[in-house]
Amino acid sequence: MACHRRNMRTTALEKLKELQKKPSHVRNLCILAHVDHGKTTLADALVASNGIISQRMAGKLRYLDSREDEQIRGITMKSSAISLQYQSGGDEFLINLIDSPGHVDFSSEVSTAVRLCDGAVVVVDVVEGVCPQTHAVLRQAWLENIKPILVLNKLDRLILELKMEPTEAFMHLQQILTEVNLVTSELFTADVMSMQTTDSSTSAAGDQKQTYDWTEDADELEYKNIYFSPELGNVVFAAAYDGWGFSIDKFAEIYGKKLGMNEVGLRKTLWGDFFLNSKTKRIMKGAQSKGKKPLFVQFVLESIWAVYDAVVVSRDKEMTEKIVKSLNLKITARDSRHNDPRVQLQALMGQWLPVSQAVLDKVVEKLPSPLEIEEEKVEKLMCNQARRFDSMPQETQDLKQDFLSCKASEDAPVIVFVSKMFPVDKASLPKNKQRPLTEEELQQRREAARLRHAERMAGKNIEASSEHISTPDSSEGVAELVPEDREQEDDTDQVFVAFARVFSGCVRKGQKLYVLGPKHDPAKALQKLSDGCSGMSAAQRLEDLARDDHVTVVTVTDLYLFMGRELEALDCVPAGNVLGIGGLEDHILKSGTLSSTVACPSFTDLYFDASPILRVALEPIQAGDMPKLVKGLKLLNQADPCVQVLVQETGEHVIITAGEVHLRRCIDDLTERYAKIEISESSPIVPFRETIVPPPTIDMVNESIQDQNPAGKNEKQREFDEDEEVLETGLVRIFTPSKFCMVQIRAVPLPQDVTDFLDENQFLIKTLDQYFSAKISERNKSEVHFGTKLKQSTKEAIREFKEKLEALFLEAGKQWKGCVDCIWAFGPKRVGPNLLLNKVDGYNRTSVWDCLRNDKTEMKVVVRDYDYSVVSGFQLATLTGPLCDEPMRGVCFIMEKWEIGSHVTELGNDVIESKNDSISLAKNSAANYEENVHIQLSKLNLKNGECTDNLQSDIPSSGIDEQIPECSKTSVEGSSLEVESAGESRFDIEKEAKRTDMKGHVSGQLISIVKEACQKAFQTQPQRLMAAMYKCNIQATADVLGKLFAVLGKRNGRTLQDEMREGSQIFNIIAVIPVVESFGFCEDIRKKTSGLASPQLVFSHWETIDVDPYWVPTTEEEIMHYGEKADCENRARAYMNTVRERKGLKVDKKIVEHAEKQRTLTRNK
Ligand SMILES: Nc1nc2c(ncn2[C@@H]2O[C@H](COP(=O)(O)OP(=O)(O)OP(=O)(O)O)[C@@H](O)[C@H]2O)c(=O)[nH]1
Ligand SMILES: [Mg+2]
């Protein structure tokens, strides 16, 4: 028996290998859905169709959930793949199937799966309908241009649980289908809109039609098959657990034969508003209006309902037998005698309408083969948003053809994408397992044994030589080697296999390929190659790479075919197939590109939906195990596409995960697989944000706050050092200790809409920043740069972004007018939702929007020296706010003055000039800024004198004399490097050295005062903490609603929406809850509602906690209401103190240092 199995397996493997070579007969697809909608169960049915598991166990085994924790928890955590074969018509097909997890915490696993596929099977549970992850996966599929078919699953629940009548069920199914199509149409519309803007912008004359003609695209919609509809053949109805499923075609065929009707006509009318006129025997339209039974009800649903009724509901033996007979099925005696009617049902239905056939027929028919990859998709893979495809080198552009033709011939370049690295026990690799021997090998072995025997018989020579092998000397040598070897083995009993797909060429064992890092630039690499200094050697690994190198070379050692829980070794894999590659762990961290040519760009980043948000610090329980933990973390980082591993400044090892379930899995993985030590985890570290708000008008007991007393200003000032000055609320001026530099910065809250908008457009901001930085660095180098051109569509997107930003600012009030053009930087990390504005007199910095100008006029970048230091200071300040070192959000810093030593002298003139100019400057700024500018200007003149004096006394005069002329030059052209390269004589070099020396000094000090000024300015405004909020969708029945709301309330959550689902007793509740209050929330809900409601938490937004963290009750009413300290009431303060404690910052539990002015004032009254 075992031998038979083995043979079957070997022949199956040979068959799969053959099929791999015919890309037109390959389908790469993944199963996508919301959690628990039945993906793995459906996969079981498909796996069973290949005889890998038995039909009887299909649905119970969940074969692709191979991890123990997956089986225990009943959810999939990692996507896994299996290759199946399928016969359709006369043709054999190879199906590379990937099952993905539906839980939102693991959505990164979906991203990595989708990237390797051409098609998807989207599963929807017909009782739960469209859920948040259904949206998410459809979007993923859309973004990656992969084509979906739909499986409406769990139809049995409509019959047995909801006890619907067939007609009701039909209406329900229609409703679900509409919901799904609504999602796709939203995706489509968004896409068309963006395409439209791009198109109209490319026409210079602007004569393209500006209105969008929907009717014209109706055909296209159908053509693209973006809608799901049974008559289009892309919908399958199923109950995967019971093993049955069908598409309309099946019933069209059955009834076509039975009633002698036209099959094609039936296919078009079986779904929809059609009925059978019993007299004329003709199909007519208008079932609903005429009160007739739709065909789908009469022909399809009623038959299925009848089977369920006979077998499961009324357990009618006779009827069952009749059905079996009429359907011409064979039920084994064992099945028909089984006590559980469900088993009988599964045997019957599984034979009548096998789900695997229904789904795989559609997969083969509707999903594209690798040959049909679209041009648009190829360009998307090769070239990211910020770049134009035609700006790539010609060699790179030529590769597009190779993608499209998907050739496996020798001359085709090899292109492979690795979407994730996953760990495998070394012992389970094919080479370490006892492999079944082929007939040939058996023959060889027999032959060898025979020879050995013959030799032994022939003489003693051989024995002598074998004795020689075991001489004491050499055995000692062996003994020495063994322990070390074994230790190494122990060390790495996990190896990584890359989850990959070949897009062109054929990968072979022993082949050498380039591994292209994410920053690899084909143009530069090609240049390097032609210069003959590739600098790449096979010995280089990821960690040996210099900063500018992004390419290593690897020799392919192992290739695998995925067979669910097992891997099969392969020698070569042709284009169009999914495969596993061993031995890449030193070359690829999480994902990467392999190619035989450096002209190949590295593939664009994967689209990740969930952002990791939940942090915990980890520690080994035995302190000595630290190295093991560090190593384990390194492995975990590589194995999980979504986790982030970092070492904090405090030396703590921290992991950031997508949610509680993901966290649990990571810790289990660490203890059991990667580190194999006991680990203790800190309580979760939840991120906060710090912000400022406009002064509140009511106090904590809703009493209005009295007019502000200007005396408050003095009070604030007293809190700061003498070098710093709070000029008014929000405005701070700081000098360096040497008085060499001065900055004056104002902090104001950004309008909420603006902040959110900035947050949503981080990608564009990043592009903008990269572009600007590239321009600055380009200015310093003579070499030609490729890739600094922006794609027309990106440019359009940036233009739109700018316009929208301007509109949002304008909505917020006229004081913001013109500020978009003054944007100096975004922060923190150069992309965050805080702004630095340039309102420095006479500093006409090149605008960040300069890329929007016409291509023809070459952009010239003008920035002052030390510009970078100011930006750095701002970045630092926004990265760690003053409340508890958390990043800021929604704060606008306005640089109103900025003076540096040499500039100060020079600025003397500038200021006089700009006094006249100030009118033009004031035009830009709003009324209150205008006033400020004038006041500050007059003050500045005074201060300028001081500045210069100090300067001359502090700095050696020689340094200044030399610097002034140079600096004035550089401030215009802005390039210190030009000056540097000009100096050739020794004298010049010395001068230069001095200058740089001082420069280093200045830039450091400048960074520090800009940071300080930002933070101090922030502190003079009403400060607030912001909490990260989760959004959750909960489905619950009416009777548990009360308990559910109580749990939400206790955890400071809010309900946004509660609606009853049409046609069911289930409520859909959407609620938000602070992340910090969410631990154990799911568990809590599940317990309180006896497992009925199961929420999934997804990060939604940041919310200001409307209490001053430094607030204590001060008015009589407040003291009465809250008591003297109100510690327990001040949520913001409690959060802040927890964070401060954790970070080892000073925690002031009693003293109120920076309480809001109005509160302090009230107390003074
Ligand atoms: N009644 C019914 N239950 C089903 C059907 N298909 C799957 N289930 C059940 O639904 C539950 C979830 O099934 P899975 O296949 O694990 O769902 P999944 O989509 O793989 O879940 P994740 O991988 O965790 O996202 C299991 O208890 C299945 O038995 C079906 O057709 N009818
Ligand atoms: Mg699953």
Side-chain angles (χ1 to χ4, degrees), residues 610-615 644 646 648-649 654 656 658-659 684-694 696 730 747-762 765-766 825-836 874-893 1011 1014-1031 1052-1054 1072-1079 1097-1111 1130-1143 1145 1147 1154 1156:
S611 41
I613 189 146
L614 180 60
R615 294 168 174 245
Q644 285 178 16
L646 40 104
Q648 286 195 322
E649 280 161 23
V654 167
I656 317 177
I685 304 169
V686 180
F688 285 93
R689 292 290 180 267
E690 303 184 10
T691 193
I692 49 179
V693 293
V748 283
L750 272 178
Q752 162 112 33
D753 288 347
V754 172
T755 312
D756 292 343
F757 186 66
L758 291 177
D759 223 9
E760 285 157 22
N761 286 282
Q762 282 199 9
I765 299 176
K766 190 171 167 195
F826 302 84
K829 300 193 175 157
R830 316 183 72 90
V831 295
N834 302 285
L835 292 181
L836 177 66
F874 161 74
Q875 300 297 345
L876 285 175
T878 46
L879 189 64
T880 52
L883 289 176
C884 49
D885 266 8
E886 290 287 284
M888 294 183 187
R889 184 186 163 84
V891 187
C892 176
F893 292 102
K1011 177 185 170 191
C1014 288
Q1015 295 195 332
K1016 290 269 146 81
F1018 178 98
Q1019 282 178 303
T1020 61
Q1021 296 277 27
Q1023 310 166 68
R1024 291 289 182 275
L1025 213 55
M1026 297 183 93
M1029 302 295 282
Y1030 272 140
K1031 186 166 166 184
N1052 291 313
R1054 265 180 300 129
V1072 287
I1073 157 172
V1075 176
V1076 63
E1077 304 281 356
S1078 71
F1079 304 105
L1097 304 172
V1098 192
F1099 172 72
S1100 148
H1101 65 283
W1102 295 96
E1103 207 165 277
T1104 311
I1105 303 171
D1106 201 19
V1107 196
D1108 176 8
Y1110 291 109
W1111 174 80
N1130 192 341
R1131 201 151 67 88
R1133 194 223 295 261
Y1135 294 152
M1136 178 179 80
N1137 283 345
T1138 326
V1139 176
R1140 292 190 73 97
E1141 253 162 40
R1142 192 189 75 228
K1143 293 186 176 172
L1145 300 170
V1147 178
H1154 306 301
E1156 271 163 32

Non-neighbouring partners of E1103 that pass side chain to side chain donor-acceptor pair (under 3.5 Å), sequence neighbours left out: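 If we apply the side chain to side chain donor-acceptor pair (under 3.5 Å) test to E1103, skipping adjacent residues, the hits are R1054, H1101.
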With sequence neighbours excluded, what pairs up with E886 under the side chain to side chain donor-acceptor pair (under 3.5 Å) test?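 Per chain and number, E886 pairs via side chain to side chain donor-acceptor pair (under 3.5 Å) with K1143.
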Just verifying a value: how many Å separate [X] [atom1] and [Y] [atom2], rounded to the nearest 0.5 Å?
X	Y	atom1	atom2	value
M1029	F1099	CE	CZ	10.0 Å
T1138	I685	OG1	CD1	12.0 Å
L876	C1014	CG	SG	9.5 Å
M1026	I1105	CE	CD1	9.0 Å
R1140	D885	CZ	CG	7.0 Å

Could you work out, with salt bridge (charged side-chain N to carboxylate O under 4.0 Å, His left out) as the rule, every residue matching R689, not counting sequence neighbours?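 Listed in chain order: nothing, the list is empty.
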List in chain and number order the residues that pass salt bridge (charged side-chain N to carboxylate O under 4.0 Å, His left out) with R830, two or more places apart in sequence or in another chain; answer none if no residue qualifies.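 Here the qualifying residues are D769.
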side-chain contact (heavy atoms from CB on, under 4.5 Å) against T878, all qualifying residues, sequence neighbours excluded: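 For T878 the side-chain contact (heavy atoms from CB on, under 4.5 Å) partners, ignoring immediate neighbours, are P828, N834, F874, Q875, M888, F893.
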Go through it in stages, so that I can follow the logic: the residues are C884 and L1025, the test is side-chain contact (heavy atoms from CB on, under 4.5 Å), and I'd like the CA-CA distance, side-chain angles, deciding distance and then a yes or no. CA-CA 9 Å; C884 49; L1025 213 55; 4.0 Å; yes
Are [X] and [Y] side-chain neighbours, meaning at least one heavy-atom pair lies under 4.5 Å?
X	Y	answer
K1011	Q1015	yes
T755	W1102	no
L758	L835	yes
P749	V693	no
L646	R615	yes
V686	Y1135	no
Y1110	M1136	yes
R1024	D1108	yes

Nearest heavy atoms of [X] and [Y], plus distance in Å:
X	Y	result
L883	E690	N-OE1, 2.8 Å
A1132	P1109	CB-CA, 4.0 Å
A747	F1018	CB-N, 3.8 Å
P1074	N1052	CD-O, 3.2 Å
L879	K829	CD1-CE, 4.1 Å
G890	T691	O-OG1, 3.9 Å

Could you work out, with ring-ring contact (aromatic ring centres under 6.0 Å, His included) as the rule, every residue matching Y1030, not counting sequence neighbours?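 Applying ring-ring contact (aromatic ring centres under 6.0 Å, His included) to Y1030 gives none.
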Show your reasoning for whether salt bridge (charged side-chain N to carboxylate O under 4.0 Å, His left out) applies to D1106 and R1131. CA-CA 9 Å; D1106 201 19; R1131 201 151 67 88; over 6 Å; no
N/O donor-acceptor pair under 3.5 Å between T1020 side chain and G730 backbone: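 Checked: pair present.
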Do Q1021 side-chain atoms and I692 backbone N/O form a donor-acceptor pair below 3.5 Å?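 Side chain of Q1021 to backbone of I692: no pair is present.
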